[in-house]
Trainee: 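Sharing a structure, written as structure tokens. Questions coming.
Given the structure is predicted, the values throughout are model-derived calculations rather than measurements.
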Amino acid sequence: MTFSGNVSNKIWRLSGAISERGYANGTQYEEPRPISRYPVPYKKDLPYDIVELMEEVEKKSGFLPNVFKVMAHRPNEFRAFFAYYAVIMDKENGNLSKADKELIIVATSANNKCPYCVTAHGALHRIYSKKKTLADQVTINPELADLSPRDRAMLEFALAVAKPENITEEHFSQLEKHGFDREDAWDIAMVTAFFAMANRIAHLTDMRPNEEFYTLGRLPKEKSKESK
């Protein structure tokens, strides 16, 4: 189904609201809650390169994560944000897998009490790791989570950066015991630091997670009609 003109733009704006009632700062929302306390631009008003990236993500994911709409409020900052995201998250060398990075984000975001990032990146961790409960465990209490010694050392270092603690040689030594070198430590810290910033942007904007994130990686994918 396709839409044009004002109808398409109205749907673009309304699609940023969640259907459940929500709470923020003690306020109950009787109407669908907006994804941001800042205006979400109309798609037709956005620069071409931003729309192109959004459409690419939506085609790949099946929906557009709300962070793209929220950050579009400031196009130059949108570009800088997602450019650095791509640098640290798409890096293929080093000892951090995609699942590792997503678990670091979950731990950092839980420490910073960020619902958007915990929900979104918990979903991505489930997809990459094929582990349906580990991200939930880390969110609730990383000390009691079923982590391998390697993953525990990785998250302890990430949380030391996130809190923040004074980083000492002992922190590096603990990582080295589990196969991480100094470049890996940099990678862990950069993911942590970037998402600590993202957490604060989410708090500022009151960014809401897409409903799709809650079930991603928990339920089996529905088979397409063609495959039935």
Trainee: Would you call L147 and L103 a side-chain contact if the rule is heavy atoms closer than 4.5 Å?
Mentor: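 Side-chain contact under 4.5 Å: yes.
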Trainee: Looking at side-chain heavy atoms only, is the closest gap between Y116 and H203 below 4.5 Å?
Mentor: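 Answer no - side chains too far apart.
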Trainee: Taking all atoms of both residues into account, what is the closest heavy-atom pair of A196 and T108, and its distance?
Mentor: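 Closest pair (atom of A196, atom of T108, distance): N-CG2, 4.0 Å.
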Trainee: Answer yes or no: is there a donor N or O on one side and an acceptor on the other, between the side chain of R182 and the main chain of E176, under 3.5 Å?
Mentor: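 The answer is no, because no donor-acceptor pair under 3.5 Å joins these two groups.
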Trainee: Taking the six-membered ring for Trp, is the centroid-to-centroid distance between F195 and H121 below 6.0 Å?
Mentor: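 Yes: the rings meet the under 6.0 Å criterion.
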Trainee: Determine whether more than 12 heavy atoms belonging to other residues, nucleotides or ligands lie under 6.0 Å from atom CZ of F194.
Mentor: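 Yes.
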Trainee: What donor-acceptor contacts under 3.5 angstrom involve side-chain atoms of residues 157-165, with partners at least two apart or in another chain?
Mentor:
from: E165; atom 1: OE1; to: H171; atom 2: NE2; distance (Å): 3.2

Trainee: Using a strict 4.0 Å threshold on nitrogen-to-oxygen distance, state whether D187 and K101 make a salt bridge.
Mentor: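 No, this pair does not count.
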Trainee: Check for a donor-acceptor pair, side chain of Y214 on one end and backbone N or O of T119 on the other, with a separation under 3.5 Å.
Mentor: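 Judged by distance alone, no pair lies under 3.5 Å.
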Trainee: How about E212: does its CD atom have over 12 heavy atoms from other parts shown lying under 6.0 Å from it?
Mentor: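 Yes, enclosed.
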Trainee: Using ring centroids (six-membered ring only for Trp), state whether F82 and F78 fall under 6.0 Å.
Mentor: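 Close enough - the centres of the two rings lie under 6.0 Å apart.
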Trainee: Does K91 NZ have over 12 foreign heavy atoms under 6.0 Å away?
Mentor: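 Counting neighbours around NZ of K91, more than 12 heavy atoms of other residues, nucleotides or ligands fall under 6.0 Å, so yes.
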Trainee: In chain order, what residues pass the side chain to side chain contact (heavy atoms under 4.5 Å, CB included) check against E92, with sequence neighbours excluded?
Mentor: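 By the side chain to side chain contact (heavy atoms under 4.5 Å, CB included) rule, E92 matches no residue at all.
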Trainee: Which atom pair, heavy atoms only, marks the closest approach of R37 to L204?
Mentor: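 Taking R37 first and L204 second, the nearest heavy atoms are NH1-O, 2.6 Å.
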Trainee: Would you please indicate if the ring centroids of F172 and F180 are separated by under 6.0 Å?
Mentor: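 F172 vs F180: aromatic centres not under 6.0 Å.
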Trainee: Counting distance only, does the side-chain N/O of D184 pair as donor-acceptor with the main-chain N or O of N95 below 3.5 Å?
Mentor: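 Judged by distance alone, yes, a pair lies under 3.5 Å.
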Trainee: Decide, yes or no, whether a salt bridge links D100 with K98 under the criterion of side-chain N to carboxylate O below 4.0 Å.
Mentor: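 Salt bridge absent between D100 and K98.
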Trainee: Is P39 close to H73 at the side-chain level, that is, under 4.5 Å between some pair of heavy atoms?
Mentor: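 Yes, close enough: below the 4.5 Å cut-off.
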Trainee: Is there a donor-acceptor pair closer than 3.5 Å between any side-chain N or O of K113 and the backbone N or O of A110?
Mentor: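 Pair absent, no side-chain N/O of K113 close to backbone of A110.
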Trainee: Between D136 and T139, do the side chains contain a donor N or O and an acceptor N or O under 3.5 Å apart?
Mentor: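 No, no side-chain donor-acceptor pair sits under 3.5 Å.
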Trainee: Main chain of C114, side chain of N199: is a donor-acceptor contact present, judged purely on distance under 3.5 Å?
Mentor: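 Such a contact is absent between N199 side chain and C114 backbone.
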Trainee: Do the side chain of N141 and the main chain of E143 share a donor and acceptor less than 3.5 angstrom apart?
Mentor: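 Checked: pair present.
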Trainee: Run the salt-bridge test on K43 and E55 with the 4.0 Å N-O cut-off and return the result as yes or no.
Mentor: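 E55 and K43: salt-bridged.
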Trainee: What do you reckon, are the aromatic ring centroids of F213 and F63 less than 6.0 Å apart?
Mentor: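 Ring-ring flag for F213/F63: true, centres closer than 6.0 Å.
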Trainee: With rounding to the nearest 0.5 angstrom, report the OG to CG distance, S129 to L124.
Mentor: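 The distance works out to 10.5 Å.
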Trainee: With a 3.5 Å distance limit and no angle check, can you tell me whether R126 reaches the backbone of L134 through a side-chain donor-acceptor pair?
Mentor: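 No, because the side chain of R126 does not come within donor-acceptor range (under 3.5 Å) of the backbone of L134.
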Trainee: Is there a donor-acceptor pair under 3.5 Å between the side chain of S148 and the backbone N or O of D151?
Mentor: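 Flag set: sc S148 to bb D151 pair under 3.5 Å.
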Trainee: One pair to check against side-chain contact (heavy atoms from CB on, under 4.5 Å): F81 and I201. What are the steps and the verdict?
Mentor: CA-CA 11 Å; F81 182 91; I201 294 172; 4.1 Å; yes
Trainee: Would you mind reporting whether I188 and L175 have side-chain heavy atoms less than 4.5 Å apart?
Mentor: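 The answer is yes; the side chains approach within 4.5 Å.
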Trainee: Minimum heavy-atom separation for H125 and A135, please, with both atom names.
Mentor: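 Residues H125 and A135, closest heavy atoms: ND1-CB, 4.0 Å.
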Trainee: Are the side chain of Q137 and the backbone of D146 linked by a donor-acceptor contact shorter than 3.5 Å?
Mentor: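 Yes, because the side chain of Q137 sits within donor-acceptor range (under 3.5 Å) of the backbone of D146.
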Trainee: Can you tell me how far the CE atom of M54 sits from the CG atom of D49, to the nearest 0.5 Å?
Mentor: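 The CE atom of M54 sits 10.0 Å away from the CG atom of D49.
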Trainee: Considering residues, nucleotides and ligands other than E170, do more than 12 of their heavy atoms fall under 6.0 Å from its CD?
Mentor: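 Atom CD in E170 is packed in, count exceeds 12.
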Trainee: Quick one: are P149 and K177 in side-chain contact, heavy atoms under 4.5 Å?
Mentor: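 No, too far: nothing below the 4.5 Å cut-off.
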Trainee: So do the side chains of L96 and M154 get within less than 4.5 Å of each other, counting heavy atoms only?
Mentor: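 They are in contact (side-chain heavy atoms under 4.5 Å apart), so the answer is yes.
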